[in-house]
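Note on naming: letters A, B, ... go to the chains in the order of the sequence lines (proteins, then strands), and numbering restarts at 1 for each one.
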2 protein chains.
Amino acid sequence: MGVMRIAELSERSGVPVPTIKYYLREGLLHRGELTSRNQARYGEAHLRRLSLVRALTDVGGLPVAAVREVLAHVDAPRSSTHNLLGRVLDAIPPAGQDGSPEEEDLARAQELVRDRGWNCHPDDPAVEGLAAVLAGYRRTGHPLGEEYLVRYAEAVEQVARVDLDTLRDTEELDEIIEGAVVGTVLGDALLAALRRLAQSRESALRAPGREN
Amino acid sequence: MGVMRIAELSERSGVPVPTIKYYLREGLLHRGELTSRNQARYGEAHLRRLSLVRALTDVGGLPVAAVREVLAHVDAPRSSTHNLLGRVLDAIPPAGQDGSPEEEDLARAQELVRDRGWNCHPDDPAVEGLAAVLAGYRRTGHPLGEEYLVRYAEAVEQVARVDLDTLRDTEELDEIIEGAVVGTVLGDALLAALRRLAQSRESALRAPGREN
DNA sequence: TCCTTTCGGATAGTAGAACTATCTACTGTA
DNA sequence: TACAGTAGATAGTTCTACTATCCGAAAGGA
């Protein structure tokens with residue numbers, strides 16, 4: 001049951017055989033154990049990895065190259081547990097970091113990080129990502145007011161506490177790492193979906209007149 | 001100053017002329033006012049629209065087809081203001097709705113919506129998007145616990161209140177609509193970037209031993 | 001043992017998205 | 001009148017994520 005060939009791996013995962021071969025080539029999936037020149041055996045670990053890859057691409061929307069990057073950190077040998085989470089999370093691209101921010105936006109992003117006591121190292125790519133988003137607000141003629149930015153930051157601190165709490169239950173280190181990756185990448189999609197629903201609700205609450 | 005030809009529009013927006021022509025073909029940008037068979041004039045409105053398009057694609061990561069969809073709602077004539085925001089927000093794809101959820105996940109998503117009193121219409125695509133994300137958590141072997149889901153929902157309600165508050169300052173209806181679009185699409189990227197930073201901070205706080 | 005099926009690995013081809021380049025006919029301006 | 005600039009059309013490019021074929025070899029049933 002636990003040992004299978006590629007056809008069964010394909011059937012159980014729902015991923016076509018040629019796509020599995022593609023993932024093998026791209027290094028998203030470890031090669032099976034070769035029993036002869038043209039026979040390899042795959043196990044439950046391959047099946048789980050395949051599910052992870054599909055979740056990151058389909059739900060998380062990560063490009064294949066980014067998935068490889070992230071999985072390299074999942075697979076990396078861990079010498080110490082010290083701030084390992086931080087380094088793994090650094091490897092996950094902030095989704096939409098295109099568009100170069102200007103000095104103005106970068107300074108504002110760094111100021112927010114400082115004011116909230118998020119003393120991350122200043123070359124964190126997420127700071128630049130934040131600046132790029134602020135630049136987007138400004139360039140479209142809808143600059144984000146300071147008050148709102150702070151309130152978003154407060155809400156997000158609450159989110160981050162939940163993020164870290166979800167990892168508490170787990171004992172195994174490998175599981176914690178994978179849980180952090182899943183929680184971070186799928187979490188963005190989760191928050192986006194929940195946000196749409198909460199926006200609709202809040203919008204309806206404030207609408208003058210009747211319900212709906 | 002306000003009236004220009006395509007070369008100046010390109011220079012001021014930073015978007016190459018062939019790309020502007022491509023956006024014109026795709027209907028992301030209104031055609032300029034034709035003064036003869038091969039001369040058109042563009043104005044400040046075109047410049048702002050171009051900035052909006054680039055923000056939605058580069059920062060928000062929306063595909064061109066989705067941008068066209070969204071802008072159709074921005075441009076639509078508004079007969080009434082009633083729950084107009086809700087309908088505009090519906091048009092924005094929840095980013096990563098691939099991967100079909102199963103009955104189990106759909107039921108859980110609907111249950112959450114009901115429990116929190118988010119009485120949206122049950123065919124809201126965001127509900128299905130939420131279910132798809134929950135399916136991703138489950139299939140990777142990291143199912144999201146009920147407690148955590150509820151805590152995310154609470155945080156997101158706070159976010160939605162900020163979202164709606166950012167629109168209060170504005171008088172003009174067109175500006176409100178555009179602000180809602182920008183706030184929703186760029187907001188996802190904003191929250192993702194802030195979340196990475198807050199995660200790093202929270203992770204460092206909980207790490208045993210020294211700082212960093 | 002023979003024979004059909006399946007396999008691993010390599011190479012090549014495909015579909016869609018987002019541009020980018022070229023072409024033609026025309027035109028405002030120096 | 002020469003010429004750089006323009007609108008609109010069509011065709012080509014680049015990148016990503018697959019998908020299809022091929023080959024030689026091994027597996028598995030009759």
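Summarising the geometry, the separation between CD1 on B:Ile20 and P on D:dG8 is reported as 14 Å, rounded to the nearest angstrom. Between B:Glu26 atom CD and D:dA9 atom C1' there is a gap of 14 Å when expressed in whole angstrom units. Remark: P of D:dC18 and CG of A:Leu24 are 14 Å apart, rounded to the nearest angstrom. Counting to the nearest Å, the P atom of D:dA17 and the CG atom of A:Leu62 are 10 Å from each other. In this structure, B:Ile6 places its CD1 atom 14 Å from P of C:dT20, rounding to the nearest Å. Atom CE in B:Met4 sits roughly 13 Å away from atom P in D:dA7 (whole-Å rounding). Atom CZ in B:Arg41 sits roughly 16 Å away from atom P in C:dT27 (whole-Å rounding). Per the geometry, CD belonging to B:Gln39 stands 16 Å off P belonging to D:dA4, to the nearest Å.
In the interface, the side chain of B:Asn38 is not paired with the base of D:dA7 through any donor and acceptor atom under 3.5 Å apart. On a pure distance criterion of 3.5 Å, no polar donor-acceptor pair joins the side chain of B:Arg31 and the base of D:dT6. The base of D:dT16 lies outside donor-acceptor range of the side chain of A:Arg68, with no N or O pair under 3.5 Å.
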Q: Determine, stepwise, if the pair A:Arg49 / A:Val74 fulfils side-chain contact (heavy atoms from CB on, under 4.5 Å).
A: CA-CA 11 Å; A:Arg49 171 56 62 92; A:Val74 172; 4.1 Å; yes
Q.
Set out, in order, the CA-CA distance, both residues' side-chain angles and the distance that settles side-chain contact (heavy atoms from CB on, under 4.5 Å) for A:Arg196 and B:Asp188, then state yes or no.
A. CA-CA 10 Å; A:Arg196 290 294 178 289; B:Asp188 283 346; 2.8 Å; yes
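A donor-acceptor pair under 3.5 Å links the side-chain atoms of A:Arg68 to the main chain of A:Glu26, judged by distance alone. Side-chain atoms of A:Thr184 never come within 3.5 Å of backbone atoms of A:Val181 as a donor-acceptor pair (strictly under, hydrogens ignored).
In this model, a donor atom of one side chain and an acceptor atom of the other lie less than 3.5 Å apart for A:Asp163 and B:Tyr152.
Dashed line: the shortest gap from a side-chain N or O of A:Arg37 to OP1 or OP2 of D:dA25 is not under 4.0 Å. Residue A:Tyr23 places none of its side-chain N or O atoms closer than 4.0 Å to OP1 or OP2 of D:dA17. Residue A:Thr19 places none of its side-chain N or O atoms closer than 4.0 Å to OP1 or OP2 of D:dA17.
Remark on DNA chain D: of its neighbouring residues A:Val64 and A:Ser36, the 5'-side contact belongs to A:Val64, judged by nearest-heavy-atom nucleotide. Summary of the strand contacts: B:Ala65 and B:Lys21 both lie near DNA chain C, and taking for each the nucleotide with the nearest heavy atom, the more 5' one is attributed to B:Ala65.
Of the candidate nucleotides C:dT27, C:dG8, D:dA7, D:dA7 has the atom nearest to the side chain of B:Tyr42. Distances from the side chain of A:Arg25 to the nucleotides D:dA20, C:dT27, C:dT20 place D:dA20 closest. Of the candidates D:dG5, D:dA27, C:dT20, the closest approach to any side-chain atom of B:Tyr22 belongs to C:dT20.
B:Arg5 comes within 4.0 angstrom of sugar-phosphate atoms only, judged by non-hydrogen atoms across all strands, and of no base. Using a 4.0 Å heavy-atom distance criterion, A:Leu34 is classed as a sugar-phosphate-only contact.
Across every non-hydrogen atom of A:Val59 and B:Ala132, the tightest pair is CG2-O, 4.0 Å.
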